[in-house]
Amino acid sequence: MTALEKEVRGIIFDLLDDEELKINDNDEIEYTQEWLNNWLMSWILDGYTTKEVMKIREYFENFEYEEQVEKSYQVGVITYDNGHQEAEWEDEIVDVTIITKKIA
């Protein structure tokens, strides 16, 4: 992994921590083309070359990492004597791969 790729990864994690980028229920980091264009322009304004910014774009669009998350699954329904019902849930730790996904 190059120094530039490490820098991009670190910034992406910062953007997630700051909630500028969000992870949806399908474990995808959602972004718009407008957001990506503005983000890449900030790199240019910071003095990066066009070639470097093209690599940054590539790193961002192909970004992925694995993480363990807790998922909850409905496994049944409990029916009480008074007729009320309540969902029965089970939690599980699973490995997921987080990726970037452009949205409209």
Side-chain angles (χ1 to χ4, degrees):
M1 183 179 306
T2 68
L4 182 59
E5 187 174 4
K6 286 180 186 176
E7 182 177 0
V8 170
R9 288 181 66 81
I11 290 172
I12 292 171
F13 286 122
D14 289 345
L15 292 169
L16 290 168
D17 287 343
D18 295 342
E19 296 186 359
E20 185 172 333
L21 290 174
K22 297 190 185 321
I23 299 174
N24 66 21
D25 292 337
N26 295 322
D27 304 314
E28 300 163 327
I29 301 169
E30 294 183 336
Y31 68 95
T32 63
Q33 187 63 51
E34 179 183 6
W35 180 89
L36 181 60
N37 291 345
N38 291 334
W39 188 66
L40 293 173
M41 183 57 70
S42 72
W43 288 87
I44 291 171
L45 295 174
D46 285 345
Y48 287 83
T49 67
T50 303
K51 184 178 179 180
E52 289 171 322
V53 171
M54 295 307 294
K55 287 304 257 182
I56 291 165
R57 177 182 174 197
E58 178 184 330
Y59 296 146
F60 181 82
E61 290 177 339
N62 296 303
F63 177 79
E64 68 176 43
Y65 71 97
E66 290 190 12
E67 178 176 82
Q68 287 190 330
V69 297
E70 185 174 11
K71 299 271 185 169
S72 295
Y73 302 97
Q74 184 175 349
V75 293
V77 176
I78 301 169
T79 303
Y80 296 101
D81 292 338
N82 62 7
H84 286 87
Q85 294 184 329
E86 181 181 320
E88 185 177 10
W89 297 89
E90 186 174 294
D91 297 330
E92 178 181 30
I93 303 291
V94 296
D95 293 326
V96 296
T97 301
I98 310 291
I99 61 169
T100 53
K101 178 174 182 170
K102 183 170 30 174
I103 57 173

Report task. Would you check if Val69 and Lys71 make a side-chain contact, meaning some heavy-atom pair closer than 4.5 Å? Result -> yes

Query raised in the report: Could you state the interatomic distance from CD (Glu66) to CG (Asp95), rounded to the nearest 0.5 Å?
Result: 6.5 Å

Query raised in the report: Would you find a donor on one side and an acceptor on the other, under 3.5 Å apart, between the side chain of Asp18 and the backbone of Glu20?
Result: no

Query raised in the report: Taking a hydrophobic cluster as the set of Ile, Leu, Val, Met, Phe, Trp and Tyr residues connected by side-chain heavy atoms closer than 4.5 Å, whether directly or through intermediates, do Leu45 and Tyr48 fall within one such cluster?
Result: yes

Query raised in the report: Taking Thr100 for the side chain and Glu61 for the main chain, is one N or O donor matched with an acceptor at less than 3.5 Å?
Result: yes

Query raised in the report: Shared ILVMFWY cluster between Tyr65 and Ile93, side chains joined below 4.5 angstrom?
Result: no

Query - Pairwise side-chain contact, Arg57 with Met54, heavy-atom cut-off 4.5 Å (strictly under) - result: yes

**Report entry** NZ on Lys22 to CD on Glu28, rounded to 0.5 Å
**Finding:** 16.0 Å

Report summary line: Rounding to 0.5 Å, atoms CD1 (Ile44) and OG1 (Thr50) come to a distance of 5.5 Å

Query raised in the report: Passes side-chain contact (heavy atoms from CB on, under 4.5 Å), Val8 versus Glu5? Steps please.
Result: CA-CA 5 Å; Val8 170; Glu5 187 174 4; 5.7 Å; no

Query - Flag if over 12 foreign heavy atoms under 6.0 Å of CD, Gln74 - result: yes

Report summary line: When every non-hydrogen atom of Glu30 is compared with those of Leu21, the smallest separation belongs to O-CD2, 3.7 Å

Report task. Would you mind reporting whether Gln33 and Lys102 have side-chain heavy atoms less than 4.5 Å apart? Result -> yes

Query raised in the report: Hey, what's the ring geometry for Trp43 with Trp39, parallel, tilted or perpendicular (30° and 60° as the breaks)?
Result: perpendicular

**Report entry** Point-to-point distance, once rounded to the nearest 0.5 Å, from CG of Asn26 to CD1 of Ile29
**Finding:** 13.0 Å

Query raised in the report: Where is the tightest heavy-atom contact between Lys6 and Met1, given as atom of each residue plus distance?
Result: CG-SD, 3.4 Å

Query raised in the report: Are the charged groups of Glu52 and Lys55 less than 4.0 angstrom apart, N to O?
Result: no

Query - Chi angles and distances behind the side-chain contact (heavy atoms from CB on, under 4.5 Å) call for Ile12, Tyr59 - result: CA-CA 10 Å; Ile12 292 171; Tyr59 296 146; over 6 Å; no

Query raised in the report: Are any non-hydrogen side-chain atoms of Ile56 and Leu4 less than 4.5 angstrom apart?
Result: yes

Query raised in the report: Say you draw a straight line from CD1 of Ile78 to CD of Glu86; how long is it, rounded to the nearest 0.5 Å?
Result: 5.0 Å

Query raised in the report: Can you check side-chain contact (heavy atoms from CB on, under 4.5 Å) on Phe60 and Tyr31, steps first, answer last?
Result: CA-CA 10 Å; Phe60 181 82; Tyr31 68 95; 3.5 Å; yes

Query raised in the report: Could you state the interatomic distance from CD1 (Ile11) to CG (Leu15), rounded to the nearest 0.5 Å?
Result: 7.5 Å

Requested in this report: Determine whether more than 12 heavy atoms belonging to other residues, nucleotides or ligands lie under 6.0 Å from atom CG of Asp25.
Outcome: no

Requested in this report: Go through the steps for Thr32 and Ile103 under the test side-chain contact (heavy atoms from CB on, under 4.5 Å), then give the verdict.
Outcome: CA-CA 5 Å; Thr32 63; Ile103 57 173; 3.9 Å; yes

